[in-house]
Amino acid sequence: MNVTAVFDIGRTNKKWVLFDEQYQIVEENNETLPETTDEDGFPCDDLALLTQWVQGHWEDLKKREDITIKAINVAGYGATLVHLDAQDQPVTPLYSYLKPYPQAVSHQFFSTYGDPTRLALQTGSPIMGMLNTGLQIYWIKYTQPEVYSTIKTTLHLPQYILFLLTGRKVSDFTSIGCHTLLWSFEMMDFHEWTKAEGIHKVVAPMLAASSFITRDGDRVMQSGFGLHDSSAALIPYRSAFKKPFVLLSTGTWCINFNPFVARPLTFDQLERDCLHFMTPEGSGVKASRVFMGREHDHQVERIAEYFKVPLDFYKKISFDEKYLTAPAPPFYPALMEGNGPFPEPSPQEWQVSAFASPEAAYHHLLIGLVNILAVSLQLIGVEEVPTLYVDGGFSKNFIFAQLLARQFPNHEVCTTELPYATALGAALHVTRPQNFEFPGKITKVVV
């Protein structure tokens with residue numbers, strides 16, 4: 001059987017997936033690897049263990065006689081770097097993007113390169129410390145100069161996994177263009193500060209192609225360049241649907257993607273948690289974020305505690321229009337300070353005690369969340385596209401879907417189920433089918 005193999009490296013789950021020529025999953029392997037700590041004791045992925053896991057499974061897959069691997073690609077989480085020396089050996093731990101960024105280094109950087117807002121607008125990236133991989137490299141350069149001097153090549157994590165599979169060291173647009181502070185969306189080139197620091201010479205080169213041929217003995221395969229996981233998950237939608245759309249990728253965060261608006265970020269958008277991603281071809285994808293899943297879970301805990309009901313009470317609630325017009329106190333989020341479209345601190349706590357039942361409270365929780373989400377969507381040009389697709393956890397929430405459809409009555413609102421979108425996107429990008437039909441379930445929300 002001819003297959004496309006994808007290594008899909010998430011923060012929690014590491015897996016490989018085999019797709020047949022109709023893009024159906026033939027087989028998958030999913031594992032959780034134990035973490036380690038860096039030299040400061042901060043938790044991070046164990047790079048040596050991950051390397052061993054990838055290489056071991058890849059050798060096993062290549063030896064199998066029941067499959068012929070025709071193509072290979074990688075999707076992986078972002079904001080994570082591997083620094084290799086002249087012998088292609090890693091010289092640092094796989095630092096976590098959650099690690100606090102030293103204030104002294106941040107002050108040095110902006111004292112040298114100027115206004116953070118200007119840099120953020122030019123690079124389409126809010127200033128987020130270790131989440132900006134450019135700042136990660138700068139931090140190593142000035143706090144570990146002896147280590148930095150040994151770095152020959154820096155790869156984002158998806159491209160490091162690809163290097164383990166193919167021996168090629170490359171960079172790709174989806175990783176370079178995703179809140180790294182490295183890339184100028186004005187110049188479509190590495191930003192001037194990276195050139196001033198010489199960092200652009202350390203980062204692996206970008207290649208103007210979508211795939212390359214790799215050989216392993218007498219085996220010939222087509223290989224992609226590796227993809228940032230969020231950008232990979234967008235590819236099945238871009239491949240299947242030609243009408244412009246916004247994709248709501250929901251979970252702990254709701255990240256909204258509009259690949260059909262190319263205008264640069266404005267100061268207002270930047271201040272309200274908008275940023276740029278990039279397609280594999282190098283065009284901008286405007287995105288916005290709402291801490292919706294975590295806020296939902298926090299407020300569900302409060303409702304459950306107040307009304308003395310189980311934590312999963314909301315899963316049994318049916319949508320009821322009577323709650324949409326019933327008087328209720330304003331919704332004040334607890335966990336959205338500094339993020340989302342309203343980053344200001346909430347003036348007070350949301351009053352769960354004002355509701356007569358958990359059903360009423362839950363409806364108004366979702367009304368509040370959808371109202372915030374609507375502003376986040378408007379910031380990225382939702383009015384310019386006809387369709388909204390919702391995937392992830394909230395796609396299964398009927399009340400949420402009804403409220404979203406009512407919020408956007410002139411849009412077609414659809415929920416989707418495509419649990420392997422990230423791996424599928426990586427497979428599609430390397431094989432480039434001519435006529436691709438969306439393989440997941442799509443449900444139009446009827447009000």
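Heads up: numbering here begins at 1 and tracks the sequence. Not measured: the values here are computed from a predicted model.
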Going through the distances and angles, do D268 and T266 end up as a side chain to side chain donor-acceptor pair (under 3.5 Å)?
-> CA-CA 5 Å; D268 181 58; T266 65; 5.2 Å; no
Y306 side chain reached by S353 side chain, heavy atoms, under 4.5 Å = yes
Side chain E28, main chain W16, donor-acceptor under 3.5 Å = no
State, without any angle test, whether Y77 and D45 hold a side-chain donor-acceptor pair at a distance under 3.5 Å.
-> yes
Heavy-atom side-chain contact between R238 and H429 under 4.5 Å | no
Give a yes-or-no answer on whether the side chains of Y95 and E39 include a donor-acceptor pair shorter than 3.5 Å.
-> yes
Are side-chain heavy atoms of H363 and I317 found at a separation under 4.5 Å?
-> yes
Within 45 degrees of the axis of the six-membered ring of F163 and under 6.0 Å from its centre: does R168 put its NZ or CZ there?
-> no
Test ring-ring contact (aromatic ring centres under 6.0 Å, His included) on Y389 and F241 and set out the steps.
-> CA-CA 11 Å; Y389 293 111; F241 306 125; 4.6 Å; yes
Taking all non-hydrogen atoms of both residues, which atom of P280 and which atom of I235 are closest, and how far apart?
-> CG-CD1, 3.9 Å
Return yes if some donor-acceptor pair links the side-chain N/O of S96 with the main-chain N/O of L98 below 3.5 Å, else return no.
-> yes
With no hydrogens and no angle check, do the side chains of Y23 and T431 hold a donor and an acceptor under 3.5 Å apart?
-> yes
Distance-only side-chain donor-acceptor flag, W53 / E31, under 3.5 Å | yes
Ring centroid separation for H364 and F355, is it under 6.0 angstrom?
-> yes
Does G78 offer a backbone N or O that forms a donor-acceptor pair with the side chain of T80 under 3.5 Å?
-> yes
Between S288 and D273: side-chain donor-acceptor atoms closer than 3.5 Å | no
Ring centers of F331, W350 separated by less than 6.0 Å | yes
Pair W139 and F109, ring centroids less than 6.0 Å apart | no
Please confirm whether the backbone N or O of D391 pairs with a side-chain atom of T250, one donor and one acceptor, at under 3.5 Å?
-> yes
No-hydrogen, no-angle side-chain donor-acceptor test under 3.5 Å, H83 and T154 | yes
Please check if the side chain of N258 supplies one atom and the backbone of I380 the other of a donor-acceptor pair under 3.5 Å.
-> yes
Do Y237 and F257 have ring centroids that are under 6.0 Å from one another?
-> no
Quick one: does T174's side chain have a donor or acceptor within less than 3.5 Å of a partner on M278's backbone?
-> no
Between Y97 and T133, is any side-chain donor less than 3.5 angstrom from a side-chain acceptor?
-> no
Answer yes or no: is there an ion pair linking K322 with E359, defined by an N-O contact shorter than 4.0 Å?
-> no
N/O donor-acceptor pair under 3.5 Å between Q222 side chain and V430 backbone = yes
Step by step, would you call E321 with R406 a salt bridge (Lys or Arg N to Asp or Glu O under 4.0 Å)?
-> CA-CA 11 Å; E321 289 195 31; R406 283 166 164 76; 2.9 Å; yes
Would you say the side-chain atoms of K15 pair up with the backbone N or O of F7, donor to acceptor, closer than 3.5 Å?
-> no
Heavy atoms of Q402 and V447 approach each other most closely as OE1-CA, 3.8 Å
List the steps and the verdict of salt bridge (Lys or Arg N to Asp or Glu O under 4.0 Å) for E349 and R302.
-> CA-CA 11 Å; E349 192 174 63; R302 293 184 64 222; 3.2 Å; yes
Donor + acceptor pair across side chains of S283, E281 (<3.5 Å) = no
Any side-chain heavy atom of V445 sitting closer than 4.5 Å to one from F398?
-> no
Locate the shortest heavy-atom distance separating Q136 from A79; write the atom from each residue and the value.
-> NE2-O, 2.9 Å
Are W193 and F110 close enough that their ring centres sit under 6.0 Å apart?
-> no
Ring centres of F394 and H296 under 6.0 Å apart?
-> yes
Would you please say whether a donor-acceptor pair under 3.5 Å links the side chains of T51 and Y160?
-> yes
For V6 and A426, which heavy atoms make the closest approach, and how far apart are they?
-> CG1-CB, 3.8 Å
Taking S175 for its side chain and D172 for its backbone only, find out whether a donor-acceptor pair lies under 3.5 Å.
-> no
Any donor-acceptor pair under 3.5 Å from H411 side chain to V385 backbone | yes
Scan side-chain atoms only and decide if S125 and N132 contain a donor-acceptor pair under the 3.5 Å cut-off.
-> yes
